[in-house]
Amino acid sequence: MFTGIIESVGKVKSMQPTGGDIRLTVESDDLDFSDVKLGDSIASNGICLTVVALGSNYYSVDVSRETIARTALATLKAGHTVNLEKAMLPTTRFGGHIVAGHVDGVGVVSKLQQDARSIYIEIEIPQELAHYTATKGSITVDGISLTTNLVRDNIVSLNIIPHTAQVTNIAKHWLVGNSVNIEVDIVARYLERLLTKSQSGGMNAPGPQSQITEAFLADNGFMK
């Protein structure tokens with residue numbers, strides 16, 4: 001589990017094809033590796049990956065075909081920068097939102113321009129993910145916990161403050177046309193599940209039906 005608060009920006013050292021999969025090696029002189037061990041998870045551009053090799057300033061992970069197909073990882077090359085976050089601890093300050101590191105789809109940067117000291121960005125996300133997003137809601141883009149300015153159909157607009165641009169790969173790697181990893185707010189997925197169960201009478205299993213309806217969510221400020 002992660003928070004979407006980036007700890008370091010790493011650099012892709014190599015992407016080695018291995019029997020149809022990829023062995024990805026990322027190096028970083030800023031990430032604290034002192035408490036990282038084999039088998040730990042590190043979110044790399046928002047993808048939860050398991051450490052299989054480790055050095056003083058690098059780690060390696062094996063990336064399956066499934067992950068390659070569902071993320072923007074295949075667009076990475078040696079020298080590209082990636083956002084890094086180690087799995088959160090029970091004592092970690094929860095500065096972002098709940099991030100699982102399970103990428104839901106790939107978006108495309110469709111607009112990028114300076115807006116005073118911020119960077120204004122529009123991202124076109126897959127149509128099937130659009131209903132999980134909301135104006136002033138949370139979304140994870142390349143592992144970064146961000147608040148949406150506005151959602152229009154499947155276009156999400158964001159404003160990136162200078163600090164976020166400096167401590168992530170946004171300023172160096174995000175360009176119009178670039179692919180980015182998208183993870184929607186996990187709360188939205190659970191709400192959909194509850195609504196679906198309420199409206200369908202459950203998964204053909206006995207037990208009390210959910211009392212959560214669209215009217216209930218609207219009355220309590222969850223829908224606009």
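Numbering of residues begins at 1 and proceeds along the displayed sequence. Since this is a predicted model, take the numbers as computed values, not measurements.
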> Looking at residues at least two apart in the chain, or sitting in another chain, which of them share a salt bridge (Lys or Arg N to Asp or Glu O under 4.0 Å) with R117?
Replying inline: none
> Is a side-chain donor or acceptor of T25 paired with a backbone partner of S14 at a separation under 3.5 angstrom?
Replying inline: no
>> Would a single hydrophobic cluster contain both V63 and V51, if residues Ile, Leu, Val, Met, Phe, Trp and Tyr are joined by side-chain heavy-atom contacts under 4.5 Å?
In response: yes
>> Taking salt bridge (Lys or Arg N to Asp or Glu O under 4.0 Å) as the definition, give me every residue that meets it alongside E66, ordered by chain and number, with sequence neighbours left out.
In response: R70
> Can you find a heavy atom in the side chain of I139 that is under 4.5 Å from one in the side chain of L158?
Replying inline: yes
> Do L112 and L175 come within less than 4.5 Å of each other through their side chains, counting heavy atoms only?
Replying inline: no
>> Minimum heavy-atom separation for D104 and R189, please, with both atom names.
In response: OD1-NH2, 2.9 Å
> Pick from T67, I22, V26, L24: which one makes a side-chain contact (heavy atoms from CB on, under 4.5 Å) with V61?
Replying inline: L24
> How long is the span from the CD1 atom in I186 to the NE2 atom in H97, to the nearest 0.5 Å?
Replying inline: 9.0 Å
> Which residue pairs satisfy the ring pair (Phe, Tyr, Trp, His ring centres under 6.0 Å) criterion with at least one member in residues 152-187, sequence neighbours excluded?
Replying inline: H80-H173
>> Can a donor-acceptor pair be found, under 3.5 Å and without considering hydrogens, that links the side chain of D185 to the backbone of S138?
In response: no
> What pair of heavy atoms forms the shortest contact from A72 to N181, and how long is it?
Replying inline: N-OD1, 2.7 Å
>> Let me confirm one number: the CG-CD1 distance from D142 to I170, rounded to the nearest 0.5 Å.
In response: 8.5 Å
>> Test of understanding: clusters of I, L, V, M, F, W, Y form through side-chain heavy atoms closer than 4.5 Å, transitively. Do L129 and L73 belong to the same one?
In response: no
> Roughly how far apart are T168 OG1 and N83 CG, rounded to 0.5 Å?
Replying inline: 5.0 Å
>> Within the 3.5 Å criterion, strictly below it, is a donor on N159 or N149 matched to an acceptor on the partner's side chain?
In response: yes
>> Quick check: is L49 connected to L38 through a chain of hydrophobic side chains (ILVMFWY, heavy atoms under 4.5 Å apart)?
In response: yes
>> For the CZ atom on R65, are there more than 12 heavy atoms of other groups (residues, nucleotides or ligands in this structure) within a distance under 6.0 Å?
In response: no
> What ring pair (Phe, Tyr, Trp, His ring centres under 6.0 Å) pairs are there with at least one residue in residues 24-64, not counting sequence neighbours?
Replying inline: none
> Can you check whether V103 reaches E183 side chain to side chain, under 4.5 Å on heavy atoms?
Replying inline: no
> Between S44 and L84, does a side-chain contact (heavy atoms from CB on, under 4.5 Å) hold up when you go through it step by step?
Replying inline: CA-CA 5 Å; S44 311; L84 306 179; 4.2 Å; yes
>> Is the shortest side-chain heavy-atom distance between V12 and V82 below 4.5 Å?
In response: yes
> Are I182 and I123 side-chain neighbours, meaning at least one heavy-atom pair lies under 4.5 Å?
Replying inline: yes
> Heavy-atom distance under 4.5 Å between the side chains of V9 and K172, does that happen here?
Replying inline: no
> Do I42 and I144 belong to the same hydrophobic cluster, where Ile, Leu, Val, Met, Phe, Trp and Tyr are linked whenever their side-chain heavy atoms lie under 4.5 Å apart, directly or via other members?
Replying inline: no
> Closest approach of Y120 and S157, non-hydrogen atoms and distance?
Replying inline: OH-CB, 3.4 Å
> Should we say atom CD1 of I98 is surrounded by more than 12 heavy atoms from elsewhere, each under 6.0 Å from it?
Replying inline: no
>> For E124 and N154: C-alpha separation, side-chain torsions, deciding distance, then whether side-chain contact (heavy atoms from CB on, under 4.5 Å) applies.
In response: CA-CA 6 Å; E124 182 178 349; N154 68 323; 3.4 Å; yes
> So which heavy atom on I68 is nearest to which on A74, and how close?
Replying inline: CG2-CB, 4.0 Å
> Which pair of heavy atoms, one from G4 and one from V99, lies closest together, and at what distance?
Replying inline: N-CG2, 3.8 Å
> Do D153 and Q127 meet the criterion of a side-chain donor-acceptor pair at a distance under 3.5 Å?
Replying inline: yes
>> Within the structure provided, determine whether L76 and N45 are in side-chain contact (heavy-atom separation under 4.5 Å).
In response: yes
> Side chains of V180 and V109: closer than 4.5 Å at any heavy-atom pair?
Replying inline: yes
> Would you find a donor on one side and an acceptor on the other, under 3.5 Å apart, between the side chain of T148 and the backbone of K136?
Replying inline: yes
> Hey, mind stepping through I160 and L146 against side-chain contact (heavy atoms from CB on, under 4.5 Å) and telling me if it holds?
Replying inline: CA-CA 8 Å; I160 310 299; L146 297 170; 3.8 Å; yes
> In chain order, what residues pass the side chain to side chain donor-acceptor pair (under 3.5 Å) check against S8, with sequence neighbours excluded?
Replying inline: S28
>> Taking salt bridge (Lys or Arg N to Asp or Glu O under 4.0 Å) as the definition, give me every residue that meets it alongside D35, ordered by chain and number, with sequence neighbours left out.
In response: K86
>> Testing the basics here: between K77 and M15, what is the closest heavy-atom pair and its distance to 0.1 Å?
In response: N-SD, 4.1 Å
> Is I47 reachable from V141 through a run of hydrophobic residues whose side-chain heavy atoms are each under 4.5 Å from the next?
Replying inline: no
